[in-house]
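For reference, the structure is listed below as structure tokens.
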Amino acid sequence: MIDIQELLLSRIRDVADYPEPGVMFKDITPLLADPAAFMALTDALADIAQRSEATKIVGLEARGFILGAPVAVRAGLGFIPVRKAGKLPGATLAQAYDLEYGSAEIEVHAEDLAAGDRVLVVDDVLATGGTAEASLQLIRRAGAEVAGVAVLMELGFLGGRGRLEPALAGAPLEALLRV
């Protein structure tokens with residue numbers, strides 16, 4: 001029987017020099033196209049959600065939506081999208097953060113998170129940790145508690161875990177794969 005890490009890795013395609021020369025892009029679309037692999041991924045992330053006693057799942061734009069929504073359904077939890085600034089109608093909470101070259105801003109609907117919510121952030125990749133760190137700040141500003149962060153893949157050489165750990169304040173960070 002193939003283990004989940006082997007299965008997931010076998011369905012992730014390396015694309016050299018994308019989006020720019022020298023970058024090895026990890027393409028998860030073959031994994032998403034394989035129903036057995038996608039189900040195994042969804043089940044593994046839903047298990048993390050249940051172990052963390054999450055009450056809601058936050059998915060980070062855009063691949064975090066693809067992974068987080070089925071995880072929420074599988075775990076019987078609500079799903080909250082965290083979007084790039086200007087994409088959500090109505091009242092939002094916004095959080096700016098720094099990128100390697102510049103800055104960005106994410107938003108969440110203010111009323112979707114509240115005191116008593118335990119929120120698990122789901123995304124495809126942990127790279128530098130900036131977006132995930134900003135999402136944890138948003139969750140806490142909304143009055144909710146961070147249950148943890150769960151990702152398909154951690155790119156360890158980019159140092160995201162080190163950046164994220166202070167913001168986690170003891171909540172777990174789980175990566176199914178580390179590359």
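Because only heavy atoms are used, hydrogens play no part in the values below, and waters and symmetry mates are left out as well, while side chains stay in.
The environment of CE in M24 is crowded: more than 12 heavy-atom neighbours from other residues, nucleotides or ligands sit within 6.0 Å. In Y18, the OH atom is not crowded: 12 or fewer heavy atoms of neighbouring residues, nucleotides or ligands sit closer than 6.0 Å.
Summarising the geometry, atom OG belonging to S103 is positioned 6.5 Å from atom CG belonging to D98; distances are rounded to the nearest 0.5 Å.
L138 and L88 end up in different hydrophobic clusters when Ile, Leu, Val, Met, Phe, Trp and Tyr side chains are linked at under 4.5 Å. Under the 4.5 Å side-chain heavy-atom criterion for ILVMFWY residues, a single connected hydrophobic cluster contains both V179 and V125. V15 and F157 are not part of a single hydrophobic cluster, where members link through side-chain heavy atoms under 4.5 Å apart. Cluster annotation: I4 is connected to L45 through the hydrophobic network of ILVMFWY side chains, with a link wherever side-chain heavy atoms come within less than 4.5 Å.
Nearest heavy atoms, A49 versus I57: CB-CD1, 3.9 Å. Nearest heavy atoms, L113 versus A144: CB-CB, 4.3 Å. For the pair D27 and P30, the tightest heavy-atom approach, listed with the atom from each and the gap, is O-CD, 3.5 Å.
With hydrogens and angles disregarded, a donor-acceptor distance shorter than 3.5 Å links the side chain of R140 to the backbone of A167. Formation of a donor-acceptor pair under 3.5 Å by the R83 side chain with backbone atoms of A62 is not found in this model. Remark: the backbone N or O of E107 is not paired with any side-chain donor or acceptor of Q95 at under 3.5 angstrom. Looking at K87, its side chain never comes within 3.5 Å of a backbone N or O of I106 through a donor-acceptor pair. No side-chain donor-acceptor contact under 3.5 Å links T128 to the backbone of L158.
Here the side chains of V122 and V151 are not in contact, with every heavy-atom distance at 4.5 Å or above. When side chains are defined from C-beta on, V149 does not count as touching L120, because their heavy atoms never get closer than 4.5 Å. Annotation: side chain of L126 is not in contact with side chain of M153 (no heavy-atom distance under 4.5 Å). The shortest side-chain heavy-atom distance between L177 and Q5 falls under the 4.5 Å cut-off.
Salt bridge annotation for R51-E174: present, with a cationic side-chain nitrogen under 4.0 angstrom from a carboxylate oxygen. Between R163 and E133 there is a salt bridge, since a side-chain N of the basic residue sits under 4.0 Å from a carboxylate O of the acidic one. The pair D14-K26 counts as a salt bridge, with a side-chain nitrogen and a carboxylate oxygen less than 4.0 angstrom apart.
Shown are V58, I139, V119, L93; of these, the side-chain contact (heavy atoms from CB on, under 4.5 Å) with V108 is made only by L93.
Remark: the Y97 side chain and the T131 side chain contain an N/O donor-acceptor pair separated by less than 3.5 Å.
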Side-chain donor-acceptor pairs under 3.5 Å in residues 70-82, sequence neighbours left out?
{"from": "R74", "atom 1": "NE", "to": "D43", "atom 2": "OD1", "distance (Å)": "2.7"}
{"from": "R74", "atom 1": "NH2", "to": "D43", "atom 2": "OD1", "distance (Å)": "3.1"}

